[in-house]
Structures are given as structure tokens and as C-alpha cells.
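First the structure, in the form of C-alpha cells, and then the observations on it.
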Amino acid sequence: MAAPLGKRKSLCARRGSGAAYEGAGSAMQARELRWETLEALRASSKGRLKYFRHSDKDEDILEGCISPLTLTSYAGWVLDRMTASSAQAAAPSSSAPGGAAPHTDPTAQESSASACEGPAKPSAAARSEAKGSSDPGVLEVNQEVLPIPPVSKMAKVEGCIQMYEEIYRMKGRLCLCFLLVDSGATLWCFWHLCILQERLRQRQEQQEQLVRAAYDMAREQLKRFDEMKELKRRQEIQELREVMEKSLKETQGQQEKLKEEHRHRAKILNLKLREAEQQRQRQEEQERLRREEGQERLRRLYSIQEELLQLNQQIDPNYKHKDLPKIDLSAYSNRGNQICGLVSGLIRTTSERGFPSQMDVANTEQALKEMRGLISRMQQEIAAAVEEKKRRDEQEKKQKQEELLKKQQAEAQTPAPAQPSGGKQQKEALSVKAREGTMKWYQQLQDAAAQCAAAFSAMSSSKDSEVRKIRMELQKAVTIPVSQISTIAGSQLRQIFDKLNNLLSGKPVQSVGETVLVTQLPQGLDFVYYKLAEKFVKQGEEEVASHRESAFPIALVISGIWEMHPRVGDLFLAHLHRVCPYSVPFYPAYKEGASMEEYQRMLGYLVQDSKMEEEDHFLKRMSGLIRLYAALIQLRWPYGNKQGTHPHGLSYGWCWLAQMLNMEPLVVVTATLLYDFLEVCGNALMKHYHVQFWKLLLLMQEEYIPRIEAITNVGQKASLTRFKQFLEESLQKKDIPLPKGFLQPSFWRS
């Protein structure tokens, strides 16, 4: 600083050598005071501070292009002041005379030069230090590392520095203006200002270059940063894809293992299922064979039982042969009954158990052998007795002939008046067969029923789904209303009758939500006739047998339908006679060659799986049918044609009763049916036939009941006792009350 300052002082002295030295004393004093002031300021703590004005490049690098480089608000004021001061300095120099130079004190010139050049030195030092700095992010000041402030703050500080330097220079120029008198000093100041402006322009261009370089560097760094982020993202995606592929491979491997295990287990299960199916088939085959063997043994038992019963029947006609002398076959009969009872009990036990064993078949065969032996011994004994009787009869015949010859010879010798022969007339035997006219009527009804069934046989055997559907709907339209007949209300009974009458008349009716017409099929009317008559008889077997009062509403509906559609009545009688031959009355005879099951069915028994129903159940069914028939012959539909006659009235009941009394009674059956018939229809017959009816009852009591008693065993007298009590009470009271459940006129108002 001392050398340049000395040069400036000498230059000022040389330039002001021609000036006047007036007032030199006062000027020297002022200069000395100013230099002292400057030296004091330079020695102060602020004067020792160093400002690096050319460190913008390093500061921008540290800033990282966070904000663009901007000038402070003081920059414009500084530039204006600089241009204004340069114009003012040029004005005095141009106005001064060309040869005259202002008188300037050398010391003042030195101080001015030093004041003008003094601020430029720190900038050069700062620039050299900034260039020598190796770290762009920090700035060395007095061997100390300080952080670079933000760009906006740096611009503000730079503006303050520029303003401070400009003020300092202006003070120096003012001092020079006062000191320099000549024009040479003024030109020198203008030249110095131009140099400063040129430096300022260069510095601004350098600053712009630094900003552009920093911007380009920051952009490249941002690109590198984005590339790095993209690379990391791609690496993460690649790693994630590798992890997913690895997990997918593991999952696929696990799925393959599971599939393999599933196939293995399915194979094992299929083998087990196949084995189980084979085992089931073997068991079914064994069960089928066992069932077939059991059924074969059961059929064998039934055939043995049938043969036993036939053999036992051979004993019954020969039981207590009164015409044979001194013969009693009760032992054979008892033993035969015991054998039949044992076989029946054995068959019943095996039926409950399932199928008979081989031992059961052997036991029944042994019983059959015993029965055959019993029959052969009985036949031998009977044959011997018959021979003995023939011999005795021949002897008696010879004796009678001899006596007759002797008597004739005696009469011829001594004639005498004839003596009237006396004695009781023996009772004539009753018939076991129905009258010829009755059997002819019975056969006509059966033929009519067979023809009706043959008419719709094609429809019954049809496999057409539509035909089968219509057939089922027609059958439901018949059976459901008949099943609903009851004594609840007369209006309900009339609705049922109207529904059946409309169906038989060809009108559409509703059944189970469907509209039904008999004309939907060509044989539909025959089918409905047949099924309706069959259902009426079925109701007598089941409903009337269980609830005796139900005979009257059912008989009313049958009577009304019979009047409107006579063919239904004929079919009803045909079904009734087939199920209950005693309603003819008719006792079917056993035909040679017929099986025992067929004969039992002809007698009215139900036979299922070669097993005949129990006697109590059989009597209950026959009782229900006879009660329905007895109610039918005395009732008429109240809403029908009252002028016509009953299609099957009381006259038929009177004929039935007379024919029953003209036939040999059956054990239990005859007494049961006569009691049920008279209990239901006795009151109506009494009112219609009067005295003749009472004669008929008296005949029953005196002659027919003894015949029933003669064939009834001790354990079978329940039905006979009940019938005898009924006859005795009726003959004693001369009245038969109305049957229980008889429909009164008030019923039709309900």
C-alpha cells in the first residue's frame, strides 16, 4: 500500500508544480488531519476487515443454484451516482483553460490518489484469494473457513460494499476537486472513472458467466441425480420382479406337490371306493342269494301248509260219521288241527324273523309226513268201517226182505184193514248252493265288470306320459271326493255328489288344482265308472268297518249316483260280490286243481305272500260291506227323482235274507252277517213288510239258530250269542230301533 501511495503523491506533486502555493500552510494542516483520520480508521477493527468482492463463482457453486442471481435495490442507485459524479468531474475540466493547471498540494494529491486507488486493492486481493481457493463451497478469509451466505444476501452485501466504495471515492474526488485547480487533475479523475466503469462491466460479465456455469453444473448434477434415482428404481423393480418370480416358482412347486398328493389320494380313494363297491356287490349278491333261498324255503313252507290244510279238510267231512258203526275220528281231527296249528305258528314265527331256515323246512316236511300217515290210517279205518257197514246193511236188508215176505204171506192168508203209519217228519237238509237265477245274475254282473275293465286296459298299460298323467288326474278326481264323504254336514255331502255327478256327466271339474274331463281320453268314462265303483266298495271295507256310522252318507251318495248313472250301480254290485260273495248270497265251492290261495280269495279272504288274513279282520271287513249294502237298499238321494223307484230297494234285501235262511249256515260268518244286516236294515224291513217280517224272525229263532248252534264250537259262540239276544229283544218288544248314525232330516240343513 505504501509504494502505490507514494507514486500517486509524486504524480500529484508534479502535476501541481505550477500552481500557486498560497494558503499552503492551511492546506497542509487539513491534509495531515485527514491522513491521521484514515490511518486511525485503518488501524481500527473494521479497517482490518478484508472483503472479497470476486468470490461469486465459489458462492454460486455452494449455493447449488437454489435461487437465481439478483442485484440489490442499491445497485441502481450506485450506478446512477457513478454516472452523475463522472459527468460533474468532466464539466470543470472542460471549462478550465487549456494551459492552466490548478494548484494542487502534493500531499493532497497523494491523499486523493491513495483514496481513489485504495479500495481497488482489496478487490484484487480478494479475487486472487478466491481463485486460489480449492473448495467451491467455502471461502477463506484471514485463513478462516466461513460458509457462503445465500445468493440474495450476497447480492445485498455486495451492493452495500459498492455503495460504501462509491461514497469513499466521491469523498476522495471532492477532496481532489478542491485540491486540484488545473484541468489536468480533472482529466485524470474522468479517466479513472472510465477505468472503474470498464472494470464494473467486466466484473458483471464474469458474474454472468459464473452464474451460467453454476446453472449448467447444477443441471448436470440434477440429471445425474435423476439418473441415479431411475437406476435405483429400476434396481428395486428388478429385485421385486426377481422376488416375485422366485415366490411364483415356489408357489408353483407347492401346487405341483399338492396336485401330486391329491392325485395320489384320489387314486387311493378310488381304490377304496372300488373295493367298497365290490364288497357291497358281493354282499348284495349274498343277500340276494340268501333272500332267494329264503323265499324258496318260504314257498316250500306255504305249499306244505296248503297241502296240510287240504289234508285236514279231508278229515273234517268224515268227522263223527254217524252212519258208520262204532267209529269216532275225533282223535284224527284233533291231531290234524294240532299239526296245522304247529305249522301255522312256525310260519308266523319265521315270517316275523325274516326267512325260514332249513331246519324249519325239515320240521314242516316232517309234519306233512305225519299228516299223510294220519290221513292214511284214518282212511284205512274208515274203509274198514265202511266194509263192516256194508256187510251189516246187507244182512239187515236180507232180514227185512225175509220179514217182508213173511208178512206178505201172512197178509195174504188173513187180510186186515191198513193201519195208518205215524211218526215225526224229519227235517230236510238245506241247500249249500245259491239259486240258479241268482247265480245267473251274479255271472252277468261279473261279465259286465270284466268288459268294462277290458275297455280301458289299453289306457292302463299305456306308457305315454300324457296318457298316464290324465289317467292319474281322473283317478284322483274320483278317489279324493269319495274319501271326503262324512257325517259333518249335508251341504258338504251335496258338494261331493255334485262334483262326482258333473265328472260322470262329462263336465269339467277341478281336482288338485287341475281341470279334469272324462272326454280327454276315449275310454275315460269307462275308467271313471270302474274306479268309482271300486272306491265305493273299498270305503265299505275300510271306512265302514272302522266307523259303522259312515255307512249311511256313503250309501246315500251311491244311491244318488246309481239313479243318475245306472252302470255305476251294476259295477258296484260286481265289485261287492267279488269281494264279499256272501252278499249274493253265494258259498264258493272248492274246485279240484285250484290252489289253496285261490280258494281262500274266492271265500273273501285277503291273501298276501301266501299268508291268509286273520279271522277277526276278515269278519270286520265282511261286516262293513254288509252294513253298507243294508244302508244302500233303504236310502235314496233326497235331491233326485222322487217319482221313480229305488234302483236297488228293500225287495232285494228281502230276497237276500230269504236266500240266506234257505242255505246251510257257516260257522261265525252267518250269525255275524245276519246280525249286521238286521241291525242296519231291520227297522226299514219291519215298516215295509210288517207281519211277514216278524214271521221271518220267528223262523230264525226257532229253526235256523239251532242249525247254527249245531256247527258252532264253544270258542266261537260270541257272534251267535249276540244274534240270539238281538232276536229275543226284537220279538219281545215287537220293535227294532233305528240304527245308530242314521241321518235325520236336520242333517241336510247343516
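Keep in mind that the numbers below use all heavy atoms, side chains included, and drop hydrogens, waters and symmetry copies. The first residue of the sequence shown is numbered 1, and numbering continues consecutively from there.
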Residue pair F586, M602: steps toward the side chain to side chain contact (heavy atoms under 4.5 Å, CB included) verdict: CA-CA 10 Å; F586 166 55; M602 290 172 63; 5.8 Å; no
For C681 against Q634, the heavy-atom pair lying closest together: CA-NE2, 3.9 Å
Residue list, side-chain hydrogen bond (donor to acceptor under 3.5 Å, both in side chains) with R749, at least two apart or on another chain: none
Please tabulate, one pair per line, all N/O donor-acceptor pairs under 3.5 Å involving side-chain atoms of residues 465-478, not counting sequence neighbours.
residue	atom	partner	partner atom	Å
R471	NH1	M459	O	3.1
R471	NH1	S460	O	2.5

Electrostatic pair E703:R707 at N-O distance under 4.0 angstrom: no
Side chain to side chain contact (heavy atoms under 4.5 Å, CB included) assessment of Y582 paired with Y587: CA-CA 7 Å; Y582 312 104; Y587 299 158; 3.7 Å; yes
Check against side chain to side chain contact (heavy atoms under 4.5 Å, CB included), L657 and L678: CA-CA 9 Å; L657 191 59; L678 290 174; 4.0 Å; yes
Intermediate values then yes/no, side chain to side chain contact (heavy atoms under 4.5 Å, CB included), S559 and E563: CA-CA 6 Å; S559 176; E563 289 183 14; 4.1 Å; yes
Which residues share a side-chain hydrogen bond (donor to acceptor under 3.5 Å, both in side chains) with R299, sequence neighbours left out: E296
Distance in Å, L673 CG paired with L619 CG, rounded so as to fall on 0.5 Å steps: 8.0 Å
F677 side chain reached by I633 side chain, heavy atoms, under 4.5 Å: yes
Under the side-chain hydrogen bond (donor to acceptor under 3.5 Å, both in side chains) test, residues paired with D570 that sit two or more places apart: none
Over all atoms of both residues, closest heavy-atom pair of Y529 and R567: CD1-CD, 3.7 Å
side-chain hydrogen bond (donor to acceptor under 3.5 Å, both in side chains) pairs, two or more places apart, involving residues 677-689: R627-E679, Y675-E679, N683-K687
Listed once per pair and sorted, the side-chain hydrogen bond (donor to acceptor under 3.5 Å, both in side chains) pairs that draw on residues 716-742, sequence neighbours left out: E709-K724
Q701 side chain reached by F723 side chain, heavy atoms, under 4.5 Å: no
Side chains of N662 and Q659 in contact at under 4.5 Å (non-hydrogen atoms): no
Reported CD-to-CE distance for the pair Q444 and M439, which is rounded to 0.5 angstrom: 11.5 Å
Donor-acceptor side-chain pairing of T487 and E549 below 3.5 angstrom: no
Check: A574 main-chain N/O paired with Q446 side-chain donor or acceptor under 3.5 Å: yes
Distance-minimising heavy-atom pair for A551 and L628: O-CD1, 3.7 Å
Nearest-0.5 Å distance that lies between atom CD1 in I496 and atom CD1 in I480: 11.5 Å
Between W748 and W637, ring centroids under 6.0 Å: yes
Short side-chain to backbone donor-acceptor contact, H646 and L635, under 3.5 Å: yes
P665 side chain reached by I711 side chain, heavy atoms, under 4.5 Å: yes
Spacing of CD1 belonging to I375 relative to CD belonging to E307, to within rounding of 0.5 Å: 10.5 Å
Between CG on residue L556 and CG on residue L632, distance to nearest 0.5 Å: 9.5 Å
pair F726-L674: side-chain heavy atoms closer than 4.5 Å: no
Straight-line distance of I705 CD1 to L727 CG, nearest 0.5 Å: 4.5 Å
Least distance between heavy atoms, M622 atom then G604 atom: CE-O, 3.9 Å
Sequence neighbours excluded, every pair satisfying salt bridge (charged side-chain N to carboxylate O under 4.0 Å, His left out) that has a member inside residues 477-489: none
Validation row: V668, T712 side chains within 4.5 angstrom (heavy atoms): no
Contact list for residues 694-714, test ring pair (Phe, Tyr, Trp, His ring centres under 6.0 Å), sequence neighbours left out: none
Under-4.0 Å salt bridge between E292 and R288: yes
Pairwise side-chain contact, V482 with F536, heavy-atom cut-off 4.5 Å (strictly under): yes
Atom CZ of R435: over 12 foreign heavy atoms under 6.0 Å: no
Pairs satisfying side-chain hydrogen bond (donor to acceptor under 3.5 Å, both in side chains), at least one member in residues 613-624, at least two apart: E541-R621, Y605-E615, E613-H617, E613-R621, S623-D676
Sidechain-backbone polar pair: T364 side chain, V361 backbone, donor-acceptor under 3.5 Å: yes
Contact list for residues 449-482, test ring pair (Phe, Tyr, Trp, His ring centres under 6.0 Å), sequence neighbours left out: F456-F527, F456-Y530
Side-chain heavy atoms of L573 within contact of W441, under 4.5 Å: yes
Identify every side-chain donor-acceptor pair in residues 504-513 under 3.5 Å, counting partners at least two apart or on other chains, and give the distances.
residue	atom	partner	partner atom	Å
S505	OG	N501	O	2.7
Q510	NE2	T515	OG1	2.7

Test side chain to side chain contact (heavy atoms under 4.5 Å, CB included) applied to L720 and T670, T672, I708, the passing residue: I708
Worked check of salt bridge (charged side-chain N to carboxylate O under 4.0 Å, His left out) between R300 and E365: CA-CA 9 Å; R300 176 60 181 161; E365 289 178 350; 3.4 Å; yes
Ion pair check, R601 and E598, cut-off under 4.0 Å: no
Ring pair (Phe, Tyr, Trp, His ring centres under 6.0 Å) involving H648 - partner list, sequence neighbours excluded: W562, Y629, Y652
Under 3.5 Å side-chain donor-acceptor pair for D447 and Q451: no
Nearest atoms (heavy-atom pairs only) where S583 meets W656: O-CD1, 3.3 Å
Least distance between heavy atoms, P481 atom then L500 atom: CB-CD2, 4.1 Å
